[in-house]
Protein chains: 2
Amino acid sequence: MPRNSPSDARRGRRAAQEGARPSVQDVAKLAGVAVGTVSNVLNNPDRVTEFTRRKVEAAIAELGFVRNFAARTLVAGTTNTVGLVLVDIGNSLFVDIARGAEAATAASGLKLLLANSDVDQAKQDAYLELFDQAQTAGLLLAPLDGPLDAARAIARRGRPIVVVNAPAADPDMCCVAVDEQLGGYLAAHHLIAQGARRLAFVGGPLHLHAIRDRLDGARQAATEASLDLTVIETHALNVRDGRTAGGNLLRQSRRVDGIVCASDPLAVGVINAAAERGVGVPDDLVVVGYDNNHLASESLIPISTIAQPGLRMGEVATQLLLEETQNDPDHRHQTVVLEPHLIARRSSQRRRPTTNRLRTP
Amino acid sequence: MPRNSPSDARRGRRAAQEGARPSVQDVAKLAGVAVGTVSNVLNNPDRVTEFTRRKVEAAIAELGFVRNFAARTLVAGTTNTVGLVLVDIGNSLFVDIARGAEAATAASGLKLLLANSDVDQAKQDAYLELFDQAQTAGLLLAPLDGPLDAARAIARRGRPIVVVNAPAADPDMCCVAVDEQLGGYLAAHHLIAQGARRLAFVGGPLHLHAIRDRLDGARQAATEASLDLTVIETHALNVRDGRTAGGNLLRQSRRVDGIVCASDPLAVGVINAAAERGVGVPDDLVVVGYDNNHLASESLIPISTIAQPGLRMGEVATQLLLEETQNDPDHRHQTVVLEPHLIARRSSQRRRPTTNRLRTP
DNA sequence: CTGTTAGCGCATTCAA
DNA sequence: TTGAATGCGCTAACAG
């Protein structure tokens, strides 16, 4: 009969290999205990004598032992990790969402892993699949404006997934949305309250749900005040397009005096165009942006904007996800709609607010 | 003797459980083949008959089978995933690094997972450990200005790790650094070339390596031109501190005419302070920022800045990581130092560049 | 409180 | 080409 068990032989072989990472077996052998004991030191320290624990910990330190996450996951069937797929890591709204999610997951002892889909549907789907395969406790998705089939498939397979900044409510999963229409309404309404009477909306492309909703809201506010709304559709939401649109608007004879922009960079561009033409902001023209990006507050003329509650979006989404994780039998998918709010800064605040009364001759 | 093998019994039990995710065994049974064949369809499609492959694929689709990443990882001992731990996901430099790393990993068929340490050493170490435990192919770290012990420990255990935006070269791992001193030099030199003679440096806290290096570079340029350099140490790198520092500088009798700022937000603050006091930028005062954040180009007065090659940093770091992954026996840890460059915009460009010659009476 | 062992799901042998 | 068996490293259950 062989003196050494097969197991011992394997250990010996592994020990011979230089680069091999130590396993619980190696730790157990060095500490002179059984593997179960090592596992207990790691997972149920209470069940182990102080003395034994010390011995094991010393062995762990000496060997530089690191648990194998894959093996743990395989046994447990799940992980304490949440995956978040972001459509654009360069946009501060999504960064805020990530921060909110981080805070909420950390509070529950979970780790948050991020992936950037970079406005690429294929990448988005690939990362969703990766997180699904990796047995994450759940998934968060800040999607691009496209089909959510991959997310739905994951949801149907039983892995909790929450869509944050959702384009629309979805029966297959929980969503966190923001009332974009309200945002557009607030922006236009604010400009009207500041005395603007010749309104314009700058933003695009209009096939994006969010942009169109903002436009609809702005239009509603204009209609309520019996005002027209000139619409300039832009190609993108950046500074350059804002400058172009602003230039076009301000060149017209019947000059607008209030512009709702669908993003803060657009507002910057519009304000730059105004400055070039000697149109004073906010005295001759009031402007409001959207998203409360960093540059809105840091411009020379601080820009009024519609702030999305990014942090709360991340927190709420995580909250919904955790509820779903807890496998509550009567969990119903729901869509939480959060409200944006106006942050009034210089770009829309006349020194002496012009009201209707003052403007009548 | 029991008619069913234990394995079959287990399958049956699992099939009964509603939520259970299908395994290769389930797929094999449904397709009427062995598990090895399913595995081959997944990993070596060439070794399988077209007909068999179709059958298996149909079964996979019908069951909604998804591979278990943990099991695959356990067998393979590694993953095709790279982890990147970022110190601040809200800073566009690190976002650029992430983009560069994404591009480079994707080009090699690898997935990039992100984690945000949020300038928190404990979080940074925790995420490093998570990625290490998760058997990632390698790790990238954009660290906070603190000890790199955790990273070094991982490197010594044999897991490839590369530090991006490294504070200093390190014998234990590959690093990608940027010549901060050169950046400071370029900034100051540029202002001097624009005619500035009374220079100041605004930035802090100075215990941060990067900031101090930038100051040293600026000082060198000033010294070479036999000029003084006033230093205002700020608490942080934000707009408010820039405004305060700018106000203090511009209130003094011997007013500065050129300011090197250690960040773009600081430059915005300085420019705002100048505007408040009627000091014209760039005519009376030239200003340069640092980092080429989005707001630098999008300000009303576009801000000259020192651009860090974020994308390239991410790419180069990934490149180094991949080299190390390939286990080249004569791989030597190296530190690649990249060079920042000046982007001259309005804030430092006088309409008629003032040269020494023109200034002499 | 400790030691032994089965098995998580997959990939990869090796035989047929 | 296909099918059955082994083990990756760990946890948990159970016997001592």
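Just so we're on the same page: letters track the sequence lines, and every chain starts at 1. Computed from a predicted structure; not experimentally measured.
Sorted by residue number, the members of residues 36-43 of chain B with any non-hydrogen atom under 4.0 Å from DNA chain C read B/Gly36, B/Ser39, B/Asn43. Taking every heavy atom of residues 47-58 of chain A and every atom of DNA chain D, no pair lies under 4.0 Å.
For A/Glu57, the side-chain hydrogen bond (donor to acceptor under 3.5 Å, both in side chains) partners two or more places apart in sequence, or in a different chain, are A/Arg53. Applying the side-chain hydrogen bond (donor to acceptor under 3.5 Å, both in side chains) criterion to B/Asp88, with sequence neighbours excluded, gives A/Arg99. Considering only residues two or more places apart in sequence or on other chains, B/Arg72 meets the salt bridge (charged side-chain N to carboxylate O under 4.0 Å, His left out) condition with none of them. With sequence neighbours left out, A/Arg54 forms a salt bridge (charged side-chain N to carboxylate O under 4.0 Å, His left out) with A/Glu50. By the side-chain hydrogen bond (donor to acceptor under 3.5 Å, both in side chains) test, A/Asp149 is found to be paired with A/Arg152, residues two or more places apart in sequence or in another chain being considered. A/Glu102 pairs by the side-chain hydrogen bond (donor to acceptor under 3.5 Å, both in side chains) definition with B/Lys123, B/Tyr127, not counting sequence neighbours.
Heavy atoms only, all atoms of each residue included: A/Ala150 and A/Asp125 are closest at CB-OD1, 3.5 Å. A/Val95 and B/Gly90 make their closest contact through CG1-CA, 3.9 Å (heavy atoms, listed as atom of the first residue, atom of the second, distance).
In the set C/dT4, C/dA11, C/dG9, C/dA11 carries the atom at the smallest distance from any side-chain atom of B/Arg72.
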Identify every side-chain donor-acceptor pair in residues 131-144 of chain A under 3.5 Å, counting partners at least two apart or on other chains, and give the distances.
| from | atom 1 | to | atom 2 | distance (Å) |
| --- | --- | --- | --- | --- |
| A/Asp132 | OD1 | A/Arg159 | NE | 2.7 |
| A/Asp132 | OD1 | A/Arg159 | NH2 | 3.4 |
| A/Asp132 | OD1 | B/Arg21 | NH2 | 2.8 |
| A/Asp132 | OD2 | A/Arg157 | NH1 | 2.2 |
| A/Asp132 | OD2 | B/Arg21 | NH2 | 3.2 |
| A/Gln133 | NE2 | A/Glu129 | OE2 | 3.2 |
| A/Gln135 | NE2 | A/Gly77 | O | 3.3 |
| A/Thr136 | OG1 | A/Phe131 | O | 3.1 |
| A/Thr136 | OG1 | A/Gly138 | O | 3.4 |

Using a 3.5 Å cut-off and no angle test, enumerate the donor-acceptor pairs between side-chain atoms of residues 107-117 of chain B and protein atoms at least two apart in sequence or in another chain.
| from | atom 1 | to | atom 2 | distance (Å) |
| --- | --- | --- | --- | --- |
| B/Asn116 | OD1 | B/Ile89 | N | 3.3 |
| B/Asn116 | OD1 | B/Asp118 | N | 3.1 |
| B/Ser117 | OG | B/Leu86 | O | 3.2 |

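The environment of CZ in B/Arg67 is crowded: more than 12 heavy-atom neighbours from other residues, nucleotides or ligands sit within 6.0 Å.
A rotation axis mapping the C1' atoms of four pairs onto the next four is fitted at both ends of the helix from C/dC1-D/dG16 to C/dA16-D/dT1 over five pairs, and the angle between these axes is 40° to 10 degrees.
At a threshold of 4.5 Å between non-hydrogen side-chain atoms, the residues A/Thr81 and A/Thr73 do not count as touching.
One can place CG of A/Asn44 at 10 Å from P of D/dA13, the figure rounded to the nearest angstrom.
Heavy atoms of A/Phe69 sit nowhere under 4.0 angstrom from any nucleic acid atom.
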Contacts under 3.5 Å, N or O only, protein and nucleotides 14-16 of chain D:
none

